[in-house]
K.L.:
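One structure, pasted below without further comment.
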Amino acid sequence: CTDIGTQVQCSGKVAGLGGTTFTITVSATGTASVTCTNPAGNVAPGQSFTTTTTGSSGPFPTPRNGQASYTVTSNPPSAPAGSCPNPKWTATVTDVTFTTATLTLREDSTVSDTVTVPVS
């Protein structure tokens, strides 16, 4: 899995698939950096926060040989209320520092395997 700014992207290959469909989901926790833009367009640092981003690929039909390559990317986070000193300011998540990601394989909507991997 790779840290691609505000998201995590994981690629790999699964084997031994036996269901009719499969889905790969990713969940990664990190610390988000925020900038705040006031109505005049001035930018200032905002409050960092801990966030968990998730994403999903599929469902895909299971190949006949039971093996498939995948790439799954998490959704970008949104800054929570209170990230900026004034509610009229616009908060933007500029980066998230991730350390680990958890990948879950579901076959026919049933969890088949889960693994936690480092994020580089």
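Along the sequence shown, residues are numbered consecutively beginning with 1.
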K.L.:
Does the side chain of Pro77 reach to within under 4.5 Å of the side chain of Val96, using non-hydrogen atoms?
P.N.:
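Yes - at least one pair of side-chain heavy atoms lies under 4.5 Å apart.
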K.L.:
Does Leu17 reach the side chain of Gln67, with side-chain heavy atoms less than 4.5 Å apart?
P.N.:
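Not touching, per the 4.5 Å side-chain cut-off.
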K.L.:
Linking I/L/V/M/F/W/Y whenever any side-chain heavy atoms sit under 4.5 Å apart, do Val115 and Ile24 land together?
P.N.:
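Yes, same cluster.
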K.L.:
Classify the side-chain pair Thr20/Asp108 by whether it contains a donor and acceptor separated by less than 3.5 Å.
P.N.:
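Indeed, the side chains of Thr20 and Asp108 share at least one donor-acceptor pair under 3.5 Å.
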K.L.:
Closest approach of Val26 and Thr73, non-hydrogen atoms and distance?
P.N.:
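Between these two residues, the closest heavy atoms are CG1-C, 4.3 Å.
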K.L.:
Measure from the side-chain N and O atoms of Thr62 to the backbone N and O of Gly19, and report whether any donor-acceptor pair falls under 3.5 Å.
P.N.:
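Judged by distance alone, yes, a pair lies under 3.5 Å.
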K.L.:
Under the ring-ring contact (aromatic ring centres under 6.0 Å, His included) rule, what pairs show up with a residue in residues 17-37, not counting sequence neighbours?
P.N.:
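For residues 17-37: Phe22-Phe60.
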K.L.:
With distance as the sole test, does Glu107 use its side chain to make a donor-acceptor pair with the main-chain N or O of Gly18 at under 3.5 Å?
P.N.:
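Yes, Glu107 side chain to Gly18 backbone: donor-acceptor pair under 3.5 Å.
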K.L.:
Which ring-ring contact (aromatic ring centres under 6.0 Å, His included) pairs, counting each pair once, include a residue from residues 77-120, with sequence neighbours left out?
P.N.:
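ring-ring contact (aromatic ring centres under 6.0 Å, His included) check on residues 77-120 returns no pairs.
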K.L.:
Quick one: closest heavy-atom pair of Thr23 and Gly58, and the distance?
P.N.:
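That closest heavy-atom pairing would be OG1-C, 4.2 Å.
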K.L.:
Of the non-hydrogen atoms in Ala68 and Pro63, which two are nearest, and what is the gap between them?
P.N.:
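Here Ala68 and Pro63 meet closest at CB-CG, 3.9 Å.
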K.L.:
Do Arg106 and Thr25 make a side-chain contact, defined as non-hydrogen atoms from C-beta onward lying under 4.5 Å apart?
P.N.:
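Yes; the side chains approach each other to less than 4.5 Å.
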K.L.:
Would you check if Tyr70 and Leu103 make a side-chain contact, meaning some heavy-atom pair closer than 4.5 Å?
P.N.:
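Yes, side chains in contact.
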K.L.:
Grouping I, L, V, M, F, W and Y whenever their side-chain heavy atoms are under 4.5 Å apart, do Ile4 and Val93 come out in a common cluster?
P.N.:
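No, Ile4 and Val93 fall in different hydrophobic clusters.
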K.L.:
Would you indicate whether the side-chain heavy atoms of Pro85 and Cys36 approach each other to under 4.5 Å?
P.N.:
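Yes, at least one pair of side-chain atoms sits under 4.5 Å.
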K.L.:
Checking Asp3 side chain against Ser120 main chain: does a donor-acceptor pair fall under 3.5 Å?
P.N.:
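No.
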K.L.:
When you look at CD of Gln47, are more than 12 heavy atoms from neighbouring residues, nucleotides or ligands closer to it than 6.0 Å?
P.N.:
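At most 12 heavy atoms, drawn from other residues, nucleotides or ligands, come within 6.0 Å of this atom.
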K.L.:
Test side-chain contact (heavy atoms from CB on, under 4.5 Å) on Val34 and Thr94; report intermediate values, then the result.
P.N.:
CA-CA 6 Å; Val34 176; Thr94 57; over 6 Å; no
K.L.:
So which atom in Phe49 and which in Ser78 form the shortest heavy-atom distance, rounded to 0.1 Å?
P.N.:
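Closest heavy-atom pair between Phe49 and Ser78: CZ-O, 3.6 Å.
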K.L.:
Could you check if a side-chain atom of Val72 sits within less than 4.5 angstrom of a side-chain atom of Ser11, using non-hydrogen atoms only?
P.N.:
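Heavy-atom side-chain distance check fails, nothing below 4.5 Å.
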K.L.:
Give a yes-or-no answer on whether the side chains of Thr116 and Thr102 include a donor-acceptor pair shorter than 3.5 Å.
P.N.:
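Note: Thr116 and Thr102 side chains meet the donor-acceptor criterion.
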K.L.:
Between Asn75 and Thr54 (side chain of the first, backbone of the second, donor and acceptor by atom type, cut-off under 3.5 Å), is there such a pair?
P.N.:
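Confirmed, Asn75 side chain pairs with Thr54 backbone.
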K.L.:
Within the side chain of Asp113, is there an N or O that forms a donor-acceptor pair under 3.5 Å with the backbone of Leu105?
P.N.:
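The answer is no, because no donor-acceptor pair under 3.5 Å joins these two groups.
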K.L.:
Does a side-chain heavy-atom distance below 4.5 Å link Ser27 with Thr52?
P.N.:
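Contact flag for Ser27/Thr52 side chains = yes.
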K.L.:
For Asp95 and Gly5, which heavy atoms make the closest approach, and how far apart are they?
P.N.:
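Result for this residue pair: OD1-O, 3.0 Å.
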K.L.:
Determine whether a donor-acceptor pair (N or O, by modelled atom type, separation under 3.5 Å) exists between the side chain of Ser74 and the backbone of Val8.
P.N.:
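Yes: the side chain of Ser74 pairs with the backbone of Val8.
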